[in-house]
Number of protein chains: 2
Amino acid sequence: MGKLRENLGDYDNCGLASALEAMGERWSFMILRAAFNGLHHFEEFQAELGIARNILAGRLARLVDHGILERTALPTDRRKVVYALTEKGASLLPAMVALRQWGETWGRIESSPTLVDDRDELPIRPVALHAHDGRALRLEELRWKRTGELTELGGHREEEA
Amino acid sequence: MGKLRENLGDYDNCGLASALEAMGERWSFMILRAAFNGLHHFEEFQAELGIARNILAGRLARLVDHGILERTALPTDRRKVVYALTEKGASLLPAMVALRQWGETWGRIESSPTLVDDRDELPIRPVALHAHDGRALRLEELRWKRTGELTELGGHREEEA
DNA sequence: GATGTAGGTTGCGAATCACTACTTATATTA
DNA sequence: TAATATAAGTAGTGATTCGCAACCTACATC
């Protein structure tokens, strides 16, 4: 078996590291969740999450820096600042929901509100991986394709004894 | 070891907070990614990620505590320890891939290897949210349903000025 | 003008991270 | 068998970040 692997920790080449660079800090995902739930103001986030104010200020600034939130001063009340999800921020929804579903499935979560389709109020499907034709894919059915080479994913490598 | 920090909110008994409790620390997702890529040993993780040894030891112990990795001593070489993904750990794949895809889409990632269907080597679909019948859902088509009540998601609240 | 509100910043102790050296147990080699 | 190498950690040490509370500034309201 080839020893070809991805170069982990290489920020230039790894989307996961890049995502974590923006979202990997403590509270970032909870802030995003609050934003998805319609919160827009510093004091709202602070009250809802119970996060320390300096930490919240730092996180919001970072999320704005990364283009996940957009910061706008409200013209009707110049004290107020609106933090709104950008398209980039909103596109984190599948990742966030996948994480949330995982937590619900495996954690001791009692009764969380469920994400439902607005049209029929039926719960959405669990987030899963799908082939180009829509088939659901399991771990064993996946590979990395790296410009001509193939690497097994999730497989066991022999111990070189 | 364990939780010296306060828990993230207990935000509505939220699955997201629960997931972050297990996976929210620095390096956890990168370790998981390495595990998905077939790494099994302490030294492999350490060399690949360049993470400090004490931090790695702590993270691995935590992931084992949370049932994401399973720790087994290798009988053929009693120095070696195998860290393997559990079912719970493996079920983080959609969340991880969603994060990764987001990072690839929005970051300045050059050329990552692509996840492909093992059967036809075609790239998998971007992770997305789907209704019970398989329709793709956008943010505007979603609501929280909370045992009887409905909460708008992503909507604007009125400024109570 | 006085008071309240929104969105921060500052200081400081506690907790965590990261770098390096050390340890312990096992395996391999001479 | 002794010497050396390997695997998986621990321990000591600073640097960094977190979290709490108090404070500050601009604006709005009374």
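Chain letters run A, B, ... following the sequence lines, proteins first and then strands; every chain starts at 1.
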Indicate, with a heavy-atom threshold strictly under 4.0 Å, whether B:F45 touches base, sugar-phosphate, or nothing.
nothing
Rounded to whole Å, please give me the gap between CG in A:L56 and P in D:dA21.
16 Å
What is the nucleic acid contact for A:N54, judged by heavy atoms within less than 4.0 Å: base, sugar-phosphate only, or nothing?
base
B:R78 atom CZ, neighbour heavy-atom count above 12 within 6.0 Å
no
By nearest-heavy-atom nucleotide on DNA chain D, the more 5' of A:R79 and B:Y83 is B:Y83
When the distance from CD of B:Q46 to C1' of C:dC19 is rounded to whole Å, what number comes out?
11 Å
N/O donor-acceptor pair, side chain A:R53 with base C:dG7, under 3.5 angstrom:
yes
Nearest-Å distance, CD (B:E43) to C1' (D:dG9)?
9 Å
Gap between atoms CD1 and P, on A:I51 and D:dA21 respectively (whole Å):
15 Å
Could you check how far CZ of B:R78 sits from P of D:dT6, rounded to whole Å?
20 Å
Can you check whether B:V116 reaches A:L142 side chain to side chain, under 4.5 Å on heavy atoms?
no
Presence of salt bridge, B:R62 and B:E21, under 4.0 angstrom
yes
Let me know the distance between CG of B:L49 and P of C:dA18, rounded to the nearest Å.
12 Å
Residue closer to the 5' end of DNA chain D, A:P75 versus B:F42 (nearest nucleotide)
B:F42
Rounding to an integer number of Å, can you tell me how far A:I55 CD1 sits from C:dG8 C1'?
13 Å
Does the distance from a Lys or Arg side-chain N to an Asp or Glu carboxylate O, for A:D117 and A:R119, drop under 4.0 Å?
no
Go through D:dA8, C:dC17, C:dC19 for me and flag the one nearest to the B:R26 side chain.
C:dC17
Using the closest heavy atom to pick a nucleotide of DNA chain C for each, name whichever of A:L60 or B:G50 lands nearer the 5' end.
A:L60
Is B:K88 close to A:W102 at the side-chain level, that is, under 4.5 Å between some pair of heavy atoms?
yes
To the nearest angstrom, the NZ-C1' distance between B:K80 and D:dG9 comes to 16 Å
